[in-house]
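Heads up: the structure comes next, in structure tokens.
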Number of protein chains: 2
Amino acid sequence: MSAKIQRIAEVDRLIHEPARLMIVAVLDSVEEADFQYLHLTTGLTKGNLSVHLSRLEEAGYVAISKTFRGKYPLTVCRLTDTGAQKLADYRKLLKVAL
Amino acid sequence: MSAKIQRIAEVDRLIHEPARLMIVAVLDSVEEADFQYLHLTTGLTKGNLSVHLSRLEEAGYVAISKTFRGKYPLTVCRLTDTGAQKLADYRKLLKVAL
DNA sequence: TAGACTAGTTTGTGACATAGACTAGTCTGC
DNA sequence: GCAGACTAGTCTATGTCACAAACTAGTCTA
């Protein structure tokens with residue numbers, strides 16, 4: 001019992017944060033999304049989204065490639081294998097603990 | 001889809017925090033626990049536990065009564081109806097969103 | 001060529017989780 | 001009877017981090 005409860009303390013804080021959880025959940029379902037799409041679907045402000053994406057990229061959960069759509073910059077994000085695994089782990093942990 | 005995703009942003013941060021999630025999960029299963037029991041089952045430091053309990057009490061999620069066990073102070077905690085409802089909501093939200 | 005727009009990044013602020021230091025009182029050995 | 005160890009918590013200083021507003025950089029359009 002207490003062992004199961006204490007598993008909660010080991011939760012991946014990077015994914016646990018609601019803003020980032022939304023991002024990885026979206027990316028998990030579409031497998032590729034640009035900044036604008038994420039901005040719309042998550043409802044996060046651009047600043048917020050930018051920071052969280054950077055964090056997820058640093059951690060290797062999300063791969064970000066910067067190209068152009070016509071003449072405008074385009075930021076395309078997709079979940080890495082690591083990220084997908086971490087999300088799966090997160091889901092499993094919550095299912096067991098709650 | 002994006003509506004469902006954005007529900008995540010509305011998650012109850014008070015319960016979402018792992019330390020407090022452990023506390024309410026324990027209280028939900030036993031319905032009454034003293035400080036020491038929570039200290040042991042959650043693995044939180046006493047300082048940490050004290051602060052989180054205060055927060056949960058302020059929010060009306062947890063009722064705290066202070067008495068004595070023999071000559072020593074005794075802090076007994078239990079989940080209020082509000083707290084139990086909030087935990088149920090939290091579980092439902094995660095189930096739907098993930 | 002000025003103003004509005006696209007697409008994002010940087011940064012200042014405030015909130016908050018955490019654990020170590022502290023308070024208050026009780027027991028125990030000398 | 002009093003010094004040190006212990007019980008049971010609370011207080012507080014620190015660092016981290018989420019958030020959004022301000023900013024950068026470039027493009028369109030009238």
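Chain A is the first sequence line, chain B the second, and so forth, proteins listed ahead of strands; every chain is numbered from 1.
- Side-chain nitrogen and oxygen atoms of Lys66(B) include none within less than 4.0 Å of the OP1 or OP2 phosphate oxygen of dA24(C).
- With both pairing distances under 3.5 Å, dT29(D) is matched to dA2(C) as a Watson-Crick or G-U wobble pair.
- The separation between Leu44(A) atom CG and dG8(C) atom P is 14 Å, rounded to whole Å.
- Residue Thr45(B) is classed as a base contact, given a heavy-atom separation below 4.0 Å to a base.
- Between Thr75(B) and dG9(D) there is a side-chain polar atom (N or O) within less than 4.0 angstrom of OP1 or OP2.
- When every heavy atom of Ile8(A) is checked against every heavy atom of Ala97(A), the shortest pair comes out as CG1-CB, 3.6 Å.
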Residues Leu38(B), Leu53(B); criterion side chain to side chain contact (heavy atoms under 4.5 Å, CB included); working and verdict: CA-CA 10 Å; Leu38(B) 288 172; Leu53(B) 280 177; 4.1 Å; yes
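- One can place NE2 of His16(B) at 11 Å from P of dA18(D), the figure rounded to the nearest angstrom.
- Distance CG (Leu49(B)) to P (dG9(D)): 9 Å, rounded to an integer number of Å.
- Each of Val51(A) and Leu74(A) lies near DNA chain C, and the nucleotide nearest Leu74(A) is the one positioned closer to the 5' end.
- Of the side-chain N and O atoms in Arg13(B), one or more sit less than 4.0 angstrom from OP1 or OP2 of dC19(D).
- Each of Lys46(A) and Phe35(B) was assigned the nucleotide of DNA chain D with the nearest heavy atom; the assignment lying further toward the 5' end belongs to Phe35(B).
- With Thr80(B) contributing its side chain and Tyr61(B) its backbone, the two residues share a donor-acceptor pair below 3.5 Å.
- At the phosphate of dA18(D), OP1 or OP2 sits under 4.0 Å from a side-chain N or O atom of Arg20(A).
- Side-chain contact between Leu94(B) and Leu94(A) is present, with heavy atoms from C-beta onward closer than 4.5 Å.
- Pairing for dT16(D) goes to dA15(C), judged as Watson-Crick or G-U wobble with the two contacts each under 3.5 Å.
- Here dA8(D) is the nucleotide among dA7(C), dA8(D), dT18(C) with the atom lying nearest to any side-chain atom of Gln36(B).
- In terms of position on DNA chain D, the residue among Tyr72(A) and His52(A) whose nearest nucleotide sits closer to the 5' end is His52(A).
- The side chain of Arg55(A) lies closest to dC17(D), out of dA17(C), dT10(D), dC17(D).
- One interatomic measurement links the two molecules: NE2 of His39(B) to P of dC6(D), which rounds to 15 Å at whole-angstrom precision.
- Rounded to an integer number of Å, the gap from CG of Leu14(B) to C1' of dC16(C) is 11 Å.
- For the salt bridge (charged side-chain N to carboxylate O under 4.0 Å, His left out) condition, the pairs that include at least one residue of residues 17-32 of chain A, sequence neighbours left out, are Glu17(A)-Arg13(B), Asp28(A)-Arg91(A).
- OP1 or OP2 of dA19(C) lies within a sub-4.0 Å distance of a side-chain N or O belonging to Asn48(B).
- Put simply, NZ on Lys71(B) is 15 Å from C1' on dC6(D), counting in whole angstrom units.
- Atoms CD (Glu10(A)) and P (dT18(C)) sit 13 Å apart, rounded to a whole Å.
- As a whole-Å value, the separation of Glu17(A) CD from dC16(C) C1' is 12 Å.
- Inspection of the Asp89(B) and Gln85(B) side chains reveals an N or O donor paired with an N or O acceptor under 3.5 Å.
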